[in-house]
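The shown structure was predicted, so the numbers you read here are calculated from the model rather than taken from an experiment.
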Amino acid sequence: MMRLFARVMLAMCLAVAAGFNVQAQTKPKVTSLGPDFPKAALFVGNSFFYYNNGMPGHLTFMERAVDPANKAVYRNTMVTIGGSGLDWHDMDNLLRPGGLGAYSFDEQNNVIFNKPGRQYDAVVMMDCSQCPIHPQLKDAFASFAKKDSEVVRVHGMRPVLFMSWAYADKPEMTESLAEAYTIAGNANDALVIPAGLAFARVRKLQPELNLYALDKRHPSPAGTYLAACVTFAALTGRSPVDNSYIMGLDAETTRLLQKAAWDTVQDYYGR
């Protein structure tokens, strides 16, 4: 009986461990934006970004927390349309000189006029939650990932793709989204932020932790923080573990999300 119990427990552990490492079949070619890591980024996407007061804003707080002496240089802006795909955004217009990012605000809400010219170092792009794997929309995803990456480079910035997550009740979306984003990233020499893989990892590690809003698609505060941690790790090359900005979450949850984000980035980039 004890031997049978041991075999069952071992099988369960192996199954869970395998679930932590859900990956795209294709390996990413671009695995870092270093050594010149971006400090200002434009996030183009939809409500997955703007939920919970905007994931890019929480990313800024994380970046400033680890480099307080230079906190003024860290700046993230989001341009979002609810339900939108990449084909809803006019990238060339967004990146026009003197437009977005021409000015920003400091911690005292003073207007800061940024250096004219290239307003951002990188542009992080996310398609609609189903578009990269939808039979009628996936071709548009591939087409606009290419088109927008070219536009971003023309403006002297670096293109980045943000891999979104599966719906709470459709975990099978994870691998398909991971594969679609990785292929698109490789085709356009773009870094891919593996947020969807981090969601899958946390759901296996701690199923009782809710990463979703009531609609089972948008992120809960914990989901937004996890996405910010993954983005921080991917864009800066730094571990989010022990970052002092915790978005009001409890210490245990924060530690879990920070570590899961870092482990996901390390696994995905093959480090």
Measure the shortest side-chain to side-chain distance between [X] and [Y] over non-hydrogen atoms and say whether it is less than 4.5 angstrom.
X: D148; Y: P159; value: no
X: L197; Y: T174; value: yes
X: T182; Y: Q25; value: no
X: M157; Y: L42; value: no
X: V123; Y: H155; value: no
X: P194; Y: Y269; value: yes
X: K27; Y: N186; value: no

Atom pair [atom1] ([X]) and [atom2] ([Y]), whose distance is rounded to the nearest 0.5 Å:
X: K138; Y: I133; atom1: NZ; atom2: CD1; value: 9.5 Å
X: I112; Y: E107; atom1: CD1; atom2: CD; value: 11.0 Å
X: M55; Y: C229; atom1: CE; atom2: SG; value: 10.5 Å
X: L33; Y: D121; atom1: CG; atom2: CG; value: 10.0 Å
X: H89; Y: I81; atom1: NE2; atom2: CD1; value: 4.0 Å
X: L59; Y: T224; atom1: CG; atom2: OG1; value: 12.0 Å

* Asked: In a check of side chain to side chain contact (heavy atoms under 4.5 Å, CB included) between Q258 and each of V241, D263, T253, which one passes?
  ->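 Single side chain to side chain contact (heavy atoms under 4.5 Å, CB included) partner of Q258 among V241, D263, T253: V241.
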* Asked: Should we say atom CD of E172 is surrounded by more than 12 heavy atoms from elsewhere, each under 6.0 Å from it?
  ->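 Result for CD/E172: enclosed.
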* If you count the non-hydrogen atoms of other residues, nucleotides and ligands that lie under 6.0 Å from CG in N110, is the total more than 12? ->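 Result for CG/N110: enclosed.
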* So, K39 and D67, do they make that salt bridge, N to O below 4.0 Å? -> no
Between [X] and [Y], is there shared hydrophobic-cluster membership here, with clusters defined by ILVMFWY side-chain heavy atoms closer than 4.5 Å?
X: V66; Y: F61; result: yes
X: V124; Y: I183; result: no
X: L226; Y: M247; result: yes
X: W165; Y: L137; result: no
X: I193; Y: V30; result: yes

Sidechain-backbone polar pair: [X] side chain, [Y] backbone, donor-acceptor under 3.5 Å:
X: D106; Y: A72; value: no
X: N114; Y: G101; value: yes
X: S220; Y: G223; value: yes
X: R203; Y: L211; value: no
X: S84; Y: G45; value: yes
X: N243; Y: M62; value: yes
X: R271; Y: T31; value: yes

* To do: In sequence, state the C-alpha distance, the side-chain angles, and the governing distance for V152 and M91, and then conclude on side-chain contact (heavy atoms from CB on, under 4.5 Å).
  => CA-CA 8 Å; V152 168; M91 190 65 69; 4.2 Å; yes
* To do: Before giving the answer on side-chain contact (heavy atoms from CB on, under 4.5 Å), spell out for N76 and E63 the whole-Å C-alpha distance, their side-chain angles and the decisive distance to 0.1 Å.
  => CA-CA 10 Å; N76 297 292; E63 291 172 328; 3.0 Å; yes
I need the minimum non-hydrogen distance between [X] and [Y], along with the two atoms involved.
X: L191; Y: S32; result: CD1-N, 3.7 Å
X: A166; Y: M173; result: CB-CB, 3.6 Å
X: M126; Y: S164; result: SD-CB, 3.8 Å
X: A234; Y: V265; result: N-CG2, 4.4 Å
X: D127; Y: N46; result: O-ND2, 3.1 Å
X: V230; Y: A198; result: CG2-CB, 3.4 Å

* Donor-acceptor pair between H218 and N52 side chains, under 3.5 angstrom ->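 Checked: H218/N52 side chains show no N/O donor-acceptor pair below 3.5 Å.
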* Asked: Going by distance alone, is a donor N or O of one side chain under 3.5 Å from an acceptor N or O of the other, for S129 and Y167?
  ->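 Present: a donor and an acceptor within the cut-off.
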* Start with the C-alpha distance between S149 and M125, add both sets of side-chain angles, then the distance that settles side-chain contact (heavy atoms from CB on, under 4.5 Å), and finish with yes or no. => CA-CA 9 Å; S149 293; M125 300 171 282; 3.9 Å; yes
* **For K29, all residues meeting salt bridge (Lys or Arg N to Asp or Glu O under 4.0 Å), sequence neighbours excluded** => none
* For ring pair (Phe, Tyr, Trp, His ring centres under 6.0 Å), just list the numbers for F49 and F162, CA-CA rounded to whole Å, side-chain angles, deciding distance to a tenth of an Å, and then say yes or no. => CA-CA 10 Å; F49 279 154; F162 182 93; 5.0 Å; yes
* Do any pairs count as a side-chain hydrogen bond (donor to acceptor under 3.5 Å, both in side chains) and have a residue in residues 231-242, sequence neighbours left out, and if so which ones? ->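 Of all non-adjacent pairs touching residues 231-242, those that pass side-chain hydrogen bond (donor to acceptor under 3.5 Å, both in side chains) are D242-R255.
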* Structure fact -> Paired with F199, the ring-ring contact (aromatic ring centres under 6.0 Å, His included) test is passed by just one of Y225, F48, Y212, namely Y212
* Asked: Can you pull the ring-ring contact (aromatic ring centres under 6.0 Å, His included) pairs that have at least one residue in residues 100-153, sequence neighbours excluded?
  -> F141-Y181
